[in-house]
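Each remark here refers to the structure printed beneath this line.
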Amino acid sequence: MPLSVRAAPHATAATRESRRSACEHLRKRLNFHDMYGELALYAPDPQPDIREAAQDHIARLLSGHNHLDGLVW
(Lines give C-alpha, C1' and ligand atoms only; values in the text may rest on other atoms or scores of the structure.)
Protein backbone atom coordinates (compact mmCIF):
# COMPACT_ATOMS: atom_id res chain seq x y z
CA MET A 1 0.00 0.00 0.00
CA PRO A 2 1.46 3.41 -0.91
CA LEU A 3 2.44 5.73 1.94
CA SER A 4 0.07 8.49 0.78
CA VAL A 5 -2.94 6.16 1.16
CA ARG A 6 -2.00 5.27 4.74
CA ALA A 7 -1.57 8.95 5.60
CA ALA A 8 -5.03 9.83 4.27
CA PRO A 9 -6.98 9.03 7.49
CA HIS A 10 -4.86 11.53 9.42
CA ALA A 11 -5.42 14.18 6.78
CA THR A 12 -9.14 13.42 6.86
CA ALA A 13 -9.32 13.87 10.63
CA ALA A 14 -7.44 17.17 10.37
CA THR A 15 -9.75 18.29 7.58
CA ARG A 16 -12.82 17.43 9.67
CA GLU A 17 -11.44 19.42 12.61
CA SER A 18 -10.69 22.36 10.35
CA ARG A 19 -14.23 22.28 8.93
CA ARG A 20 -15.72 22.02 12.43
CA SER A 21 -13.72 25.07 13.50
CA ALA A 22 -14.80 26.99 10.40
CA CYS A 23 -18.46 26.07 10.99
CA GLU A 24 -18.25 27.24 14.59
CA HIS A 25 -16.70 30.52 13.46
CA LEU A 26 -19.46 31.03 10.89
CA ARG A 27 -22.17 30.25 13.47
CA LYS A 28 -20.71 32.89 15.82
CA ARG A 29 -20.68 35.43 13.00
CA LEU A 30 -24.26 34.53 12.07
CA ASN A 31 -25.39 34.94 15.68
CA PHE A 32 -23.71 38.35 15.87
CA HIS A 33 -25.29 39.42 12.58
CA ASP A 34 -28.73 38.21 13.68
CA MET A 35 -28.47 40.06 17.01
CA TYR A 36 -27.29 43.23 15.30
CA GLY A 37 -30.26 43.11 12.91
CA GLU A 38 -32.81 42.43 15.64
CA LEU A 39 -31.47 45.23 17.83
CA ALA A 40 -31.60 47.58 14.85
CA LEU A 41 -35.28 46.69 14.40
CA TYR A 42 -36.16 46.77 18.09
CA ALA A 43 -34.59 50.06 19.15
CA PRO A 44 -36.10 52.68 16.85
CA ASP A 45 -39.36 51.09 15.68
CA PRO A 46 -42.47 52.68 17.21
CA GLN A 47 -44.83 49.88 16.09
CA PRO A 48 -45.49 47.51 19.03
CA ASP A 49 -45.94 44.36 16.92
CA ILE A 50 -42.56 44.79 15.20
CA ARG A 51 -40.86 45.52 18.54
CA GLU A 52 -42.51 42.47 20.10
CA ALA A 53 -41.38 40.20 17.24
CA ALA A 54 -37.83 41.59 17.48
CA GLN A 55 -37.88 41.10 21.26
CA ASP A 56 -38.90 37.45 20.79
CA HIS A 57 -36.08 36.95 18.26
CA ILE A 58 -33.58 38.57 20.64
CA ALA A 59 -34.67 36.25 23.46
CA ARG A 60 -34.24 33.25 21.13
CA LEU A 61 -30.76 34.41 20.13
CA LEU A 62 -29.76 34.86 23.76
CA SER A 63 -30.90 31.31 24.49
CA GLY A 64 -28.58 30.00 21.77
CA HIS A 65 -30.90 29.65 18.77
CA ASN A 66 -30.76 31.48 15.44
CA HIS A 67 -32.91 31.60 12.33
CA LEU A 68 -31.21 28.51 10.85
CA ASP A 69 -32.65 26.33 13.63
CA GLY A 70 -36.10 26.58 12.05
CA LEU A 71 -34.98 25.39 8.62
CA VAL A 72 -35.68 21.85 7.46
CA TRP A 73 -32.62 20.35 5.78
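Keep in mind it's a predicted model, so treat the numbers as computed, not measured.
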For residues 19-33, run the donor-acceptor check on the side chains, cut-off 3.5 Å, and write out each pair with its distance to 0.1 Å, sequence neighbours left out.
residue, atom, partner, partner atom, Å
Arg20, NH1, Glu17, OE1, 2.7
Asn31, OD1, Asn66, ND2, 2.9
Asn31, ND2, Arg27, O, 3.4

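Put simply, CD on Gln47 and CG on Leu41 are 11.0 Å apart, with the number rounded to the nearest 0.5 Å. Atom CE of residue Met35 and atom CZ of residue Arg60 lie 11.0 Å apart, to the nearest 0.5 angstrom. Rounding to the nearest 0.5 Å places CD of Glu38 at 12.5 Å from CZ of Arg51.
Residues forming a side chain to side chain donor-acceptor pair (under 3.5 Å) with Asp56 (at least two apart in sequence, or on another chain): none.
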